[in-house]
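Per chain, numbering begins at 1; letters A, B, ... match sequence-line order. Values in this document were obtained by computation on a predicted structure and should not be read as measured data.
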Amino acid sequence: MTAPSAAEPLVEIRDLHVAFPQFEGTVHAVRGVSLHLAPGESLGIVGESGSGKSVSCMAVMRLLRSPPAQISADRLALEGIDVMAAGKDDLTRLRGRAAAMIFQDPMTAFDPVFTIGQQIAETLRLHREMGRRAARDEALNLLRRVEIRNPEAVLESYPHQLSGGMLQRAMIAMALSCHPRVLFADEPTTALDVTVQAQILQLIKDLQAELGMGLIMVTHDMGVVAETVDRVVVMYGGQVMEQAGVIDIFERPAHPYTRALLASIPGQEGGRRRLTEIPGGSPDPSDPPGGCPFHPRCPEADARCAAEAPPLLTGADGRQTACWRVTP
Amino acid sequence: MIGYILRRLVSVAVTFFIVSVLIFSMMHAIPGGPFDAGDMPVPEEVRQKLLAQYGLDEPLYVQYLKYMWGVLRLDFGVPFQSPGETVLELLGRAWVPSLVLGGLGVLIGAPLGMLLGMAAALKRNSWIDYLASAVATLGLTIPVFVTSMLLILTFSVWLGWLPSSGWGAPERWILPIVAYATIPMATYARYTRSAMLDTLNKPFVTVLRAKGLPERQIVFKHVLRNSAIPLVTVFLPMFIGTATGSIFVEAMFRVPGLGSFFVSSIRTRDYPLEMALMLMLTLMFCLAYLLSDILYAWLNPRIRHGGGRE
């Protein structure tokens, strides 16, 4: 692990467990995840759907309805404030101001009966206590800042009148409106066209550097990670498999799952390679395999992997891995 | 929008015409007539004279055309059962109690039902949710004459708090208004609950929470407004249906309202009154649905600002 910085981490998650009881049995979405984010840092959380990456972020924002969600953690904090103990008013103040979030599908992220301008202004009036007029002007500035063409028209538009790319830009504008110290981006480009994806990623990266805020990029796409973050957490079956700097992850992946994930990126090294896939499917979260969650699909697994879950060990270089085959 | 409204108005006129033909012919197709021997036997020649006097000896299409010509000039004729006044005078007189009692019933029942439905949606699986479900189910399944009877038994017979029947003094209004209010309340409790739950599960609500909006503001500003759009459209037809009187409620509480005339005009073969009642109801329902549709479009930006994605 990197030496603890003097500043308090923006996001701190220690041994988080999230479960959803259902008729067919309890779904264990997150099983002992720990991660942290320093001010100004950018972290990617990568994993397949169902790996618990979104749920972990939703948990630290306290956006999971509980009940039904059962959340427990040694520590769950935003800007040093324990969100498990925080009251309603504290949470309202933390959300939007300390931490903001953008979501996967911009088409359904806005209230259909209010204009974009009204919805951005609402946030400004709430957190920055602006008047109607000032909030509208600031909303216009924000739309310009996210490089929306004819921001005046977009301000007066209803969500159904705009394209997905425009809406995602507007959502970023809304998320950044109150200068959050950390931005959670939950698959922000998955629902968009490929050409728009690159623009949105570039925009997020630029704004992050410009505003000096922390970024947590949740994605299943290794390409997105490579372009946007400094450090990567690889998740599988509700657990952290590996955590390292982005260059280390790409050049010296240690965990078999990380290696398999990288091997399945098409067209790597420019060669005409066959597309490699990871055999098998994601583990059933209501009945996770014993031992290492990846062992049923791991080419290197042995009896010990099936019997006993490997601990997440930290090496001298700060890299963390949870694998019996890897000595950090 | 203007074109749409004009097209709809044309369709209202067509509906009105079709209903008038149907009712007129069905009314005359029932065997017998207003001056048949029965309650007051008259000699055959007197009967013929009466028929001629009311124009009932002419061919049916002539009668229809003459009647509709009158309708266009707002002349609905004279009711057979009360020849001292015109049909319009009778309707104006009898409608007041129905409008007051039924109208107040909806105006009180619908908001109460909405509140109940909201509370149920926000506190799912709590006692208030179960209460709302019970009210909705009982309100929609117990016939209104049973409700009326229970009200009279409880508040007039056992407790002796309120008069059981009549019209005039406002304390006589209370029980019939409560009886009228049950169905709008039950309907609105059910609709509101499901509309709110539907909206609460929309992704934009999570976005609103993530941006730090207090739950109160999320519910009252965003969720309520989205859920209310479909609810608004139910209101006018419900109001028309209730404020034209219920024969059961008016019979139980002996209210001199419009409700009883719907049945008595058919039983006594009171052609002018029967036609007037049915045409009035047709027109009011057509206009209520038209207004609801316009209101829906106006409240819903996805229709008001058509287009679609760029």
Query raised in the report: Would one find more than 12 heavy atoms of other residues, nucleotides or ligands at under 6.0 Å from atom OH of Y158(A)?
Result: yes
Query raised in the report: Considering residues, nucleotides and ligands other than R145(A), do more than 12 of their heavy atoms fall under 6.0 Å from its CZ?
Result: no
Query raised in the report: Tell me, do P301(B) and T115(A) make a side-chain contact under 4.5 Å, heavy atoms counted?
Result: no
Query - Contact check, side chains of D111(A) and N226(B), non-hydrogen atoms, under 4.5 Å - result: yes
Query - Verdict with supporting geometry, T206(B) and F103(A), side-chain contact (heavy atoms from CB on, under 4.5 Å) - result: CA-CA 9 Å; T206(B) 306; F103(A) 296 85; 4.0 Å; yes
Query raised in the report: Got a sec: does the CZ of F220(B) have more than 12 other heavy atoms crowding it under 6.0 Å?
Result: no
Report task. Would you please say whether a donor-acceptor pair under 3.5 Å links the side chains of H222(B) and Q119(A)? Result -> no
Query raised in the report: Heavy-atom count around R190(B) CZ within 6.0 Å, excluding the residue itself: above 12?
Result: no
Query raised in the report: Residues two or more places apart in sequence or in another chain: which of them pass side chain to side chain donor-acceptor pair (under 3.5 Å) with N141(A)?
Result: R144(A)
Requested in this report: Would you list the pairs meeting salt bridge (charged side-chain N to carboxylate O under 4.0 Å, His left out) in which at least one residue belongs to residues 118-147 of chain B, sequence neighbours left out?
Outcome: D129(B)-R193(B)
Requested in this report: Taking atom CZ of F248(B) as the centre, report whether more than 12 heavy atoms of other residues, nucleotides or ligands fall under 6.0 Å from it.
Outcome: no
Report summary line: Rounded to the nearest 0.5 Å, the CZ atom of F114(A) sits from the NZ atom of K221(B) at a distance of 5.5 Å
**Report entry** Side chain / backbone / both / neither for E215(B) at chain A, heavy atoms under 4.5 Å
**Finding:** neither
Query raised in the report: Taking side chain as C-beta onward, heavy atoms only, is R65(A) less than 4.5 Å from R209(B)?
Result: yes
**Report entry** Toward chain A, the part of K211(B) with a non-hydrogen atom under 4.5 Å
**Finding:** both
**Report entry** Non-hydrogen atoms of R95(A) and A210(B) that approach each other most closely
**Finding:** CB-O, 3.4 Å
Query raised in the report: Side chains of L213(B) and E122(A): does their closest heavy-atom pair fall under 4.5 Å?
Result: yes
Query raised in the report: By a 4.5 Å heavy-atom criterion (distance strictly below it), what part of A175(A) contacts chain B: side chain, backbone, both, or neither?
Result: neither
Report task. Please name the pair of heavy atoms, one in P203(B) and one in T108(A), separated by the smallest distance, quoted to 0.1 Å. Result -> CG-OG1, 3.4 Å
Query raised in the report: Has F16(B) got more than 12 heavy atoms of other residues, nucleotides or ligands less than 6.0 Å from its CZ?
Result: yes
Query raised in the report: After noting the C-alpha distance and the side-chain angles of Q217(B) and L126(A), does the key distance pass the side-chain contact (heavy atoms from CB on, under 4.5 Å) rule?
Result: CA-CA 11 Å; Q217(B) 211 171 330; L126(A) 178 79; 4.1 Å; yes
Report summary line: Here the gap from M174(A) atom CE to L208(B) atom CG, rounded to the nearest 0.5 Å, amounts to 7.0 Å
